[in-house]
**Student:** 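Got a structure here, written out as structure tokens. Questions coming.
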Amino acid sequence: MDKHDGHFRDKDENSELRAMEIFVEGFRSSGDENAMDVSGQLGFERPDVNIRVDDVHQNDEDTSSPSLSVRASPQDSPDSRASTNVTSDQMNRASDLLMAVSVSADTNKTRITDLASSAMEELLKMALEGEPLWHIDGDSESLNGFEHMKEFGSVDATLREIMRMVEVGGPQCLPNLEPNDESPSECTDRPMLPKELEEEHLHAEASRQIGLVSTNPASVVEWLMDVNQWSLVFANIISRANLLQVLSTGVDGNYDGTLQLMTVELHLPTALVPTRESHFVRYCKQLGYGTWGVVDVSLENLFPYPASGFRRRPSGCLIQGMPEGCSKVIWVEHVAVDNRLVQSIYRPLVISGFTFSAKRWFAALIRHCQWLATLRARTAPTHDGVLLPQAGRESLLKLAERMTRSFWGDISACNENQWMPLPIRGAEDIRAMTKGSIPVPGMPPSSKIVFTTSIRLAVPPKRLFDFLRDENSRTKWDTRLFGHIIRELAYVINGNNPENRVSILQVNATPEEVEIFYLQESFSDDIGSYVIYAPVDALAMSGVLNGGSPEIVNIFPCGFSILPDRPPLNGHGDVPGSLLTIAFHIIDLASTEEYIPPESVKTIFKVIAETAFLIKAAFTSDNVQGNLAGG
């Protein structure tokens with residue numbers, strides 16, 4: 001792995017973390033005055049998706065298969081969110097927050113500035129300290145919750161007593177925290193806890209990632225502070241981000257001292273895990289020459305509304321310039337979240353903190369740096385030494401990036417996606433939605449339909465990724481290409497891993513067929529893997545390879561996201577099982593933006609059920625050696 005694009009863990013963790021501490025004391029003593037539903041049903045509690053081809057054929061014979069009115073949200077499901085109010089609710093939250101900030105504006109700005117300054121102090125300590133704040137075991141780190149409360153808790157006496165209870169066991173007499181209550185304190189089995197400990201539905205997640213990226217600190221800071229660039233760089237995590245208000249601008253033409261009020265919605269690549277929404281303040285501070293800190297912190301402690309099931313405790317990163325135009329990044333994620341609506345299939349992975357960890361943010365940052373390096377490279381060898389013209393390679397990479405961003409946006413549970421379960425037996429975990437309409441010459445407008453499901457497979461993620469990305473095994477799961485020969489016409493490697501690539505796949509065509517090309521991007525990182533593809537006609541592909549604009553090409557992405565079904569041991573290594581999300585994007589002449597007829601519902605179910613069945617069958621133990629080799 002290239003030293004500029006990888007992770008590292010030095011032998012002496014504490015001494016390495018102190019590499020930046022020279023800037024911390026300077027920051028602390030600087031005295032800077034500026035411091036500071038129609039998305040609907042989330043599904044049923046089912047341990048796995050039980051899709052059977054028998055159900056497909058049985059439902060094919062059922063002429064009474066119901067239609068799907070996508071805009072009608074179920075009202076009686078306990079796991080549903082009334083998404084008819086999702087957009088307005090989000091707007092009301094932002095409006096309430098802006099109103100709270102605007103009332104007594106000067107006072108509130110001071111309070112927010114103080115909060116941001118304290119958050120930066122906490123971020124510095126969490127980024128730079130080792131034991132005992134962090135328990136470090138090889139590449140795995142876990143936050144010591146009691147040490148954190150002792151360091152940053154607001155009710156010191158109570159926290160000390162809680163720690164003493166844990167150490168000696170049994171109930172203790174705790175000090176009375178009510179200043180106006182003169183009654184003596186009583187020994188109880190359940191002591192009065194600080195406010196943050198009484199939020200019983202919020203689960204704390206904390207993680208830290210340290211590594212190098214092949215870009216300078218100024219670029220990283222700009223990507224974080226420009227909300228549009230932030231949304232693009234981390235498109236596989238961010239569904240939507242908005243800048244609500246700039247409370248303080250930077251100095252000397254940079255972002256030093258910038259204070260922004262922001263909102264964000266974060267997602268996983270599946271429709272079965274609720275998104276995380278937060279309103280927070282982001283503060284950027286130059287800590288020394290070539291060293292920056294960017295911290296986020298939610299505003300619930302200052303403004304009770306908008307209430308939220310997700311709160312960003314001081315989180316963010318330190319960025320330090322390194323030789324050869326690189327940056328050392330220490331990324332910290334520390335949040336409190338309500339995970340009660342997470343489906344059981346994803347619960348172990350999500351509750352572990354793995355899915356929204358610092359490692360995932362850092363991996364996205366590395367991927368963007370690699371994409372930029374590949375985009376700017378003067379030459380890039382492809383299959384059999386073929387060289388694509390630079391203009392064509394740039395257009396191809398930009399089209400692939402547009403395809404992957406569209407895919408991420410299409411398969412998540414974000415508020416914009418108005419998912420509904422299919423009204424068919426055995427299809428409770430299959431979701432479908434319409435995504436607007438497109439004009440077809442000489443015909444009524446056609447609707448775009450996205451449908452998806454997630455399943456568990458007893459197959460290691462790496463093995464599943466290799467199977468799905470390989471053009472030679474595609475006819476084993478893609479029913480539309482049975483009997484065809486597929487070859488990888490050319491590819492561009494993105495980064496140092498040859499498996500991370502943008503490919504052009506060519507499907508052999510009979511005289512009666514139109515020649516088809518597929519644009520495919522496959523890549524994996526420390527969190528998961530993706531295989532994303534879309535059909536592109538020969539004329540459009542020719543235009544792209546000759547440097548034409550990728551923005552005018554219609555792209556309807558389909559594909560897969562792969563996550564481990566449990567957190568890897570010690571934070572790294574493979575696991576025996578995978579969580580596979582399957583998603584298709586089609587054009588349907590019979591559907592409208594408001595309505596999917598019964599025939600289309602049955603077709604959706606059949607396509608996704610057969611695909612899931614074929615992928616499972618390919619990995620059946622009795623068939624792995626025989627069927628996969630022989631087709």
**Student:** Would you name the heavy atoms of Pro498 and Asn496 that are closest together and state the gap between them?
**Tutor:**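 Looks like CD-O, 3.4 Å.
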
**Student:** Per the salt bridge (Lys or Arg N to Asp or Glu O under 4.0 Å) rule, which among Arg367, Arg402, Arg405 passes with Glu521?
**Tutor:**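 When Arg367, Arg402, Arg405 are each tested with Glu521, the salt bridge (Lys or Arg N to Asp or Glu O under 4.0 Å) holds only for Arg367.
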
**Student:** Donor-acceptor pair, distance only, cut-off 3.5 Å: does the side chain of Asn497 make one with the backbone of Phe523?
**Tutor:**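 No, the answer is negative, given that no donor and acceptor are paired below the 3.5 Å cut-off.
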
**Student:** Please determine which of Glu471, Glu488, Arg469 meets the side-chain hydrogen bond (donor to acceptor under 3.5 Å, both in side chains) test together with Ser503.
**Tutor:**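 Only one of Glu471, Glu488, Arg469 forms a side-chain hydrogen bond (donor to acceptor under 3.5 Å, both in side chains) with Ser503, namely Glu488.
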
**Student:** How long is the straight-line distance from CG of Asn508 back to CG of Leu481, given to the nearest 0.5 Å?
**Tutor:** 9.5 Å

**Student:** Compare all side-chain heavy atoms of Ile532 with those of Phe560 and state whether any distance is below 4.5 angstrom.
**Tutor:**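 No, too far: nothing below the 4.5 Å cut-off.
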
**Student:** Do side-chain atoms of Ser522 reach the backbone of Asn500 as a donor and acceptor pair under 3.5 angstrom?
**Tutor:**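 No.
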
**Student:** Could you walk me through whether Gln418 and Lys435 pass the side-chain contact (heavy atoms from CB on, under 4.5 Å) test, one step at a time?
**Tutor:** CA-CA 9 Å; Gln418 302 181 15; Lys435 293 282 287 187; over 6 Å; no

**Student:** Closest heavy-atom contact between Phe234 and Trp331?
**Tutor:** CZ-CH2, 3.7 Å

**Student:** Would you say the side-chain atoms of His267 and Ser239 include a donor-acceptor pair closer than 3.5 Å?
**Tutor:**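 Present: a donor and an acceptor within the cut-off.
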
**Student:** Looking at Asp526 and Lys359, is any side-chain nitrogen of the basic one under 4.0 Å from a carboxylate oxygen of the acidic one?
**Tutor:** no

**Student:** Cut-off 3.5 Å, side chains only: do Asp470 and Ser473 have a donor facing an acceptor?
**Tutor:**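 Side chains of Asp470 and Ser473: no pair found under 3.5 Å.
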
**Student:** Is the backbone N or O of Ile582 less than 3.5 Å from a side-chain atom of Thr452, with the two atoms forming a donor-acceptor pair by type?
**Tutor:**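 Yes; at least one donor-acceptor contact below 3.5 Å.
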
**Student:** To the nearest 0.5 Å, tell me how far His585 NE2 sits from Phe556 CZ.
**Tutor:** 6.0 Å

**Student:** Just checking, Arg376 and Trp371: is the charged tip under 6.0 Å from the six-membered ring centre and within 45° of the axis?
**Tutor:**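 Relative to the ring axis of Trp371, which defines the angle, Arg376 lies outside at least one limit.
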
**Student:** Would you please test Asp565 and Ser578 for side-chain contact (heavy atoms from CB on, under 4.5 Å) and show each step?
**Tutor:** CA-CA 5 Å; Asp565 67 347; Ser578 301; 5.9 Å; no

**Student:** Is any NZ, NE, NH1 or NH2 atom of the basic residue among Lys448 and Glu593 found under 4.0 Å from an Asp or Glu carboxylate oxygen of the other?
**Tutor:** no

**Student:** With a 4.5 Å cut-off on side-chain heavy atoms, are Lys398 and Glu551 touching?
**Tutor:**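 No. Closest side-chain heavy atoms not under 4.5 Å.
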
**Student:** Does Ser561 use its side chain to pair, donor to acceptor, with the backbone of Pro269 at less than 3.5 Å?
**Tutor:** yes

**Student:** Taking it one step at a time, do Tyr255 and Glu222 satisfy side-chain contact (heavy atoms from CB on, under 4.5 Å)?
**Tutor:** CA-CA 8 Å; Tyr255 288 103; Glu222 184 175 355; 4.2 Å; yes

**Student:** I need the minimum non-hydrogen distance between Asn417 and Ser412, along with the two atoms involved.
**Tutor:**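 Result for this residue pair: ND2-O, 2.9 Å.
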
**Student:** Considering all heavy atoms of both residues, which atom of Gly293 and which atom of Leu318 are nearest to each other, and what is their separation?
**Tutor:**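 In this case the closest contact between Gly293 and Leu318 is CA-CD2, 3.9 Å.
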
**Student:** Quick one: closest heavy-atom pair of Ala534 and Pro557, and the distance?
**Tutor:** CB-CA, 4.1 Å

**Student:** Would you say the side chains of Arg282 and Gln260 form a donor-acceptor pair under 3.5 Å?
**Tutor:** no

**Student:** Go through the steps to decide whether Val329 and Leu365 satisfy the test side-chain contact (heavy atoms from CB on, under 4.5 Å), and finish with yes or no.
**Tutor:** CA-CA 10 Å; Val329 175; Leu365 183 62; 4.3 Å; yes

**Student:** Which distance, rounded to the nearest 0.5 Å, do you find between the CG of Asp478 and the OH of Tyr518?
**Tutor:** 5.5 Å

**Student:** Check the orientation of Phe467 and Phe619. Use parallel for under 30°, tilted for 30 to 60°, and perpendicular for over 60°.
**Tutor:**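 Phe467 vs Phe619 ring planes: perpendicular.
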
**Student:** Can you tell me how far the CD1 atom of Ile238 sits from the OG1 atom of Thr275, to the nearest 0.5 Å?
**Tutor:** 12.5 Å

**Student:** Mind checking the CG-CG spacing from Leu468 to Leu580? Nearest 0.5 Å is all I need.
**Tutor:** 6.5 Å

**Student:** Anything under 30° is parallel, anything over 60° is perpendicular, the rest tilted; go ahead and classify Tyr533 against Trp477.
**Tutor:** tilted

**Student:** Please confirm whether the ring centroid of Tyr530 lies under 6.0 Å from the ring centroid of Trp408.
**Tutor:**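 Yes, the ring centres sit under 6.0 Å apart.
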
**Student:** Is the closest side-chain donor-acceptor distance between Asn242 and Thr263 under 3.5 Å?
**Tutor:** no

**Student:** Is the side chain of Asp296 donor-acceptor paired with the backbone N or O of Gly316 at a distance under 3.5 Å, no angle test?
**Tutor:**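 Side chain of Asp296 to backbone of Gly316, a donor-acceptor pair under 3.5 Å: no, none is there.
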
**Student:** Between Trp223 and His368, does the ring centre distance come in under 6.0 Å?
**Tutor:** yes

**Student:** Between Ser406 and Met403, is there a donor-acceptor pair closer than 3.5 Å when you use the side chain of the first and the backbone of the second?
**Tutor:**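 Pair absent, no side-chain N/O of Ser406 close to backbone of Met403.
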
**Student:** Answer yes or no: is there a donor N or O on one side and an acceptor on the other, between the side chain of Ser395 and the main chain of Ala391, under 3.5 Å?
**Tutor:** yes

**Student:** Between the main-chain N or O of Glu265 and the side-chain N or O of Arg240, is there a donor-acceptor pair closer than 3.5 Å?
**Tutor:**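 Flag not set: sc Arg240 to bb Glu265 has no pair under 3.5 Å.
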
**Student:** With a 3.5 Å distance limit and no angle check, can you tell me whether Thr374 reaches the backbone of Gln370 through a side-chain donor-acceptor pair?
**Tutor:**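 Answer holds: yes.
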
**Student:** Could you measure the distance from the CG atom of Asp588 to the OG atom of Ser447? Nearest 0.5 Å is fine.
**Tutor:** 7.0 Å

**Student:** Is it the case that Ser454 and Thr270 place a side-chain donor and acceptor less than 3.5 Å from each other?
**Tutor:** yes

**Student:** Using a 3.5 Å distance criterion without hydrogens, assess whether the side chain of Ser542 forms a donor-acceptor pair with backbone atoms of Ala538.
**Tutor:** no

